[in-house]
Number of protein chains: 2
Amino acid sequence: MNNKKHVSLKDLAEELGVSVSTVSRALKDSPEVGEEMRERVKKLAGEWNYRPNPFAISLLKNNPRIIGIIVPDIVTHFYSSIISGISDVARKNHYSVIITSSYEQYELEKQCVEDLMNIRVEGIIACISQETTDYAHFESLIMQRVPLVFFDRVCLHGRCSCVVADNAESGKAATEHFLHHGAKRIGFIGGANHLDIVKQRKHGYLDALRQYQIPIERELIVCEKMTYEEGREATRKLLALPCPPEAILAMNDTLAFAAMKEIKEQGLRIPQDVALIGYTDELHSNYVEPALTAITHQTYEMGVASCNLLLQHLQKNQSPKKVVVPTRLIVRGSSVKSPFSKIE
Amino acid sequence: MNNKKHVSLKDLAEELGVSVSTVSRALKDSPEVGEEMRERVKKLAGEWNYRPNPFAISLLKNNPRIIGIIVPDIVTHFYSSIISGISDVARKNHYSVIITSSYEQYELEKQCVEDLMNIRVEGIIACISQETTDYAHFESLIMQRVPLVFFDRVCLHGRCSCVVADNAESGKAATEHFLHHGAKRIGFIGGANHLDIVKQRKHGYLDALRQYQIPIERELIVCEKMTYEEGREATRKLLALPCPPEAILAMNDTLAFAAMKEIKEQGLRIPQDVALIGYTDELHSNYVEPALTAITHQTYEMGVASCNLLLQHLQKNQSPKKVVVPTRLIVRGSSVKSPFSKIE
DNA sequence: TTGAAAGCGCTACCAG
DNA sequence: CTGGTAGCGCTTTCAA
């Protein structure tokens, strides 16, 4: 048709012999344009496959309708599932989403913030990296009044909205589950201590022990990085104790699967010798053997909640809110010793 | 400082008492600007945290530096890993990435194309949905000269670039592996027949059988949708045959894990009663028991290759290329009957 | 070495 | 009901 890549209002106007203003109005069903005119314009726009140039509109209105996301990584099911929830809500509200990964690194996380600001996203939804202990890059966003919502791993409490799981409760519930089923010496494998989620889940764990008047043993608590290898190492440490734990609570799916592998490789049985509970999503817990008892996050819902929260902030200035998305303890084979287990 | 959300060239120019042109030039180290001037401009730009408005630049240059991605879903590790590869290459080349999901639905896939075109991405990287058999929405992209690269599930051969695994070879290799280890009756669980990947892998499977002069039995080949439930059902069908297969090749990880579950639930042993090979990534194959022998895709590399290919097309008009990323058969416990298995 | 002005595509205001 | 025009922020001529 014409050599230019995109059709503009001007192109349409020239072809129809009218002004750009008229074409613009006709296309958005302005009441001040003639019925017949509207028809003609729309017909040609359809034929020529006209699409409004989003950059012109963003330039004009200063609202690019883009939301930025920062996650530690995108391949972990937990995050991709949350992203999925965010994207769906965003799309329904005619927002695009740009996803960036910090790869659990502080420096890269700062870069992500920088990149998103350069793209001029309207707001950011983030989950901080394991490494991050300084939050200046996020504080600067608050100063610039860029709406900001954290999920799962949060910071700057009270200064921006966040979506979290009921961490303390779930840590307590898992621990109580062990206690109800006869285990008294319970190991806890967590991630870096400075993370809120670690603190809170550990808090729940300790709380349950206290309530049941179980003495707390420091060496049963191992908090390092949340990687597969560290999980193996932590489990090895626990099992090598003079008096090893009868049960282990692992703080995410990588750690849980690592613990499971290590326990098995040492020739111990799950749950008879060591019971195991993880934090994970439903997908893979069923594939392993025994099926993994786990605290299940409603990841998709967390994404939906995060995006809704951000949209609220985008629409009007609002004081920070905190949304707690409940978890559930799904009991499978890895935690309950069958009544016959002691006879075997 | 000032109430406006963003600092513009004009703001800087006014403050410095010079023209916008000068500021613009100074900022991009144009040789025709004075040393001292450049210093002053850059200093103020830094202090005021000036960022060029990307929409103005996109409007002007008509290159928004955004790449669109269409995947069947984002939560499957296979796709998220490929996305990860694409994103990394894109970011290194100062491109942003917008990810959309078709949820394996034809209608939504068309919508994704539409959305990405509205955003005016410079090019698109896509993996077609299971449902898609009509490719008009992609053909229209070719007509509009929008660079397009397919990966894994491809179409419109020869008309656009694509990145694929060595499907036929891998299907053949897996089948030969079974044959070498004594299985003769091999079941094949695939996805919808119209998909290239299914055809090619089946081709490899049949090829191996022919070469070893094993009669081909139609009822050993089950091709339905690639969902967990269909995988269970397909396995059930195979095992219910008068003469059930000694080995099963499952066409992706969902199907493989489904098959594993079903085989176990029927009280059969893997690999003694039924050997199993899947197509999957390394991550979860090791968690299950027995560990799953699998054709491993180099997913991250496929993403890297796809993005590189697209960038080439973006830089200059080029005839379509096809990149084949080799797979590897990783032998684990699920396929090799131990020498003692028959004694047990 | 610097400034003025046009124009990218669009909207919105003011005239007619 | 329709047209003209200014302006969003930036780059890029052309003049000085």
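All chains are named by letter (A, B, ...) in the order of the sequence lines, taking the proteins before the strands, and each is independently numbered beginning at 1.
When rounded to the nearest whole Å, the span between CG of B:Asp11 and P of D:dC10 equals 9 Å. Atom pair B:Leu16:CG and C:dT2:C1' shows a separation of 14 Å (rounding to whole Å applied). Look at CG on B:Asn62: it is 10 Å from C1' on C:dG9, rounded to the nearest Å. Across the protein-nucleic acid pair, B:Leu59 atom CG and D:dT12 atom C1' stand 14 Å apart, rounded to whole Å. Residue A:Asn118 contributes atom CG, which lies 12 Å from atom P of D:dC10 at whole-angstrom precision. Rounded to whole angstrom, the span from the CH2 atom of B:Trp48 across to the P atom of D:dG9 amounts to 14 Å. Atom-to-atom, CG of B:Asn63 to P of C:dC8 comes out at 16 Å; the value is rounded to the nearest Å. Residue A:Asn53 contributes atom CG, which lies 18 Å from atom P of D:dC8 at whole-angstrom precision.
A salt bridge links A:Glu47 with A:Lys43: the distance from a Lys NZ or Arg NE/NH1/NH2 to an Asp or Glu carboxylate oxygen falls below 4.0 Å. Under 4.0 Å is where a charged nitrogen must lie from a carboxylate oxygen, and between B:Asp115 and B:Lys110 no such pair does. Salt-bridge formation is detected for the pair B:Arg51/A:Glu114: a Lys NZ or Arg NE/NH1/NH2 atom is positioned less than 4.0 Å from an Asp or Glu carboxylate oxygen. Taking a cutoff of 4.0 Å between a charged side-chain nitrogen and a carboxylate oxygen, A:Glu104 and A:Arg153 qualify as a salt bridge.
Between B:Glu107 atom CD and B:Ser102 atom OG the span is 11.5 Å, to the nearest 0.5 Å.
Using a 3.5 Å distance cut-off with no hydrogens or angles, the side chains of B:Thr22 and B:Ser19 do pair a donor with an acceptor.
At D:dG3, one or more side-chain N or O atoms of A:Ser19 fall inside 4.0 Å of OP1 or OP2 (strictly under the cut-off).
For the pair A:Glu35 and B:Arg51, nearest-nucleotide mapping onto DNA chain D gives the more 5' position to A:Glu35. A residue-by-residue look at B:Val33 and B:Arg120 shows that B:Val33 has its nearest nucleotide of DNA chain C further toward the 5' end. Nearest-nucleotide mapping onto DNA chain C: of A:Lys10 and B:Met37, the residue sitting toward the 5' end is B:Met37.
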Treating primed atoms plus P, OP1 and OP2 as sugar-phosphate and everything else as base, which nucleotides of nucleotides 11-16 of chain C get B, S or - for protein heavy atoms under 4.0 Å? SBB---
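No side-chain heavy atom of B:Val163 sits under 4.5 Å from any side-chain heavy atom of B:Val154.
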